[in-house]
Amino acid sequence: MTTGTVPELGSIEPNQHGYRDFALGKFSFRRDEYFAHVRWPNGSHMIAVDAFLRAVQRDVAWGFFYGIVNFDAVIGTVNHYGTVDLFAGRFNAQYRQAGLDYSENFKTDVISRLFEAILADWTNAPFDPFAAPEETSGAFGPKNGSNKEAISRHRVTAKRMIGAPGDEPVRTDDNGFPVNRHFTDVPQDAPEVHAEPGFEHEVVSVNLFAYLSRSDVTWNPSVVSVCKNSLYCPTTEEYVLPVIHGNDRVEWFVQLSDEITWEVSDRETGRPRARVTMKAGDVAAMPADIRHQGFSKKRSMLLVWENANPDLPKRYERGELPPYPVEF
Ligand code: PHB
Ligand code: FE
């Protein structure tokens, strides 16, 4: 079932804690001082509200990303690129076996509006869902203002490359991006460019480490370069990836600094498959049939390399491509 029109997503009156209730299709959402409560016709679930808002923030900012975004082992979304499934227990072997999983399909703009409305109402003034826990506070408690600035940040999506004429600018103190507390040792020099005469406006070079050292968000890949379907999406990571990503294609990871540990599980069931600890310089391909969640004990730099070819999910589903990219 696709629900196309939704006249009113949220209640007018706030509940006793000051937060509005929301509903879409047969799902409903309610928050109290500590938890988000999600209900659907044959079940209900609670998630700590800081974790819930961090996950919803990513899902909205990324346009539902590639494939599956699990908020935890029960709730999440599947991107069908135009429509989105909102599910409960769909990728949880025990819910499936018990026949307790539930899923509804919505037009992307409709579910985006729901998630944006929840984020706007449930994010208190001191809480920044993109920030590392040490750099924010105040997700809990009764309603306490709002934080529109934090939840409606500009998403960096270069057309060609950051720093290119007319494209996404590099980050500086002056445009509001100071060096992060964990990256004060990162050199801030800029490369020298010596272009052949006539190519002065076509040769661009930036210090990517300096760029990343000035990121004010965590677990939020930015598109910094585009070559056809090849997207370089580096990001700075601290604490826990707020979603468990179920891939619909292979992704490459290049650990640019420090260390991240990845928990890798079966995409369908959640059965554990591997724990991968990546240190600076390590490269890994995450297969197309897994879900993964990263843990970074100190802010680190990760390059996520995505292949945006829209045919890939179908080709993996049909078995035309193996779920891993290299045969050794
Ligand atoms: C991923 O799911 O591949 C992913 C998502 C966000 C990140 C890093 C990796 O910050
Ligand atoms: Fe991923």
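Residue numbers count from 1 along this sequence. In each ligand, atom 1 is the first atom listed, and ligand 1 is the first ligand listed.
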Tell me, which protein residue and heavy-atom name are nearest [atom], and how many Å apart are they?
| atom | result |
| --- | --- |
| atom 4 (C) of ligand 1 | Leu241 CD2, 4.1 Å |
| atom 3 (O) of ligand 1 | Glu251 OE1, 2.9 Å |
| atom 8 (C) of ligand 1 | Glu237 OE2, 3.2 Å |

* Taking the minimum heavy-atom distance to atom 2 (O) of ligand 1, which of Arg291, Met286, His245 ranks first? -> His245
Any side-chain donor near an acceptor of the partner, [X] and [Y], under 3.5 Å:
| X | Y | result |
| --- | --- | --- |
| Asp85 | Asn105 | yes |
| Thr123 | Asn147 | no |
| Asn307 | Tyr66 | no |
| Asn220 | Thr235 | no |
| Thr261 | Thr277 | yes |

With atoms numbered from 1 as shown, which atoms in ligand 1 lie under 4.0 angstrom from a non-hydrogen atom of [X]?
| X | value |
| --- | --- |
| His292 | 1 (C), 2 (O), 3 (O) |
| Pro221 | 6 (C), 7 (C), 10 (O) |
| Thr235 | 10 (O) |
| Phe253 | 3 (O) |
| Asn220 | 10 (O) |

* **Six-ring centre of Phe177, Arg214 cation under 6.0 angstrom, axis tolerance 45°** => no
* Asked: What N/O/S atom of Glu251 gets nearest to the Fe ion (ligand 2)?
  -> OE1
* Which N/O/S atom belongs to His245 and is the closest one to the Fe ion (ligand 2)? -> ND1
* **Passing option when Asp289 is tested against Arg249, Arg271, Arg273, Arg267 for salt bridge (charged side-chain N to carboxylate O under 4.0 Å, His left out)** => Arg273
Which part of [X] is near ligand 1, with near meaning a heavy atom under 4.0 Å away: side chain, backbone, both or neither?
| X | value |
| --- | --- |
| Thr218 | neither |
| Arg58 | neither |
| Trp62 | side chain |

Less than 6.0 angstrom separating the ring centers of [X] and [Y], yes or no?
| X | Y | value |
| --- | --- | --- |
| Phe209 | Phe183 | no |
| Trp262 | Phe253 | yes |
| His37 | Phe29 | no |

* Contact check: Trp262 vs ligand 1, nitrogen or oxygen atoms, below 3.5 angstrom -> no
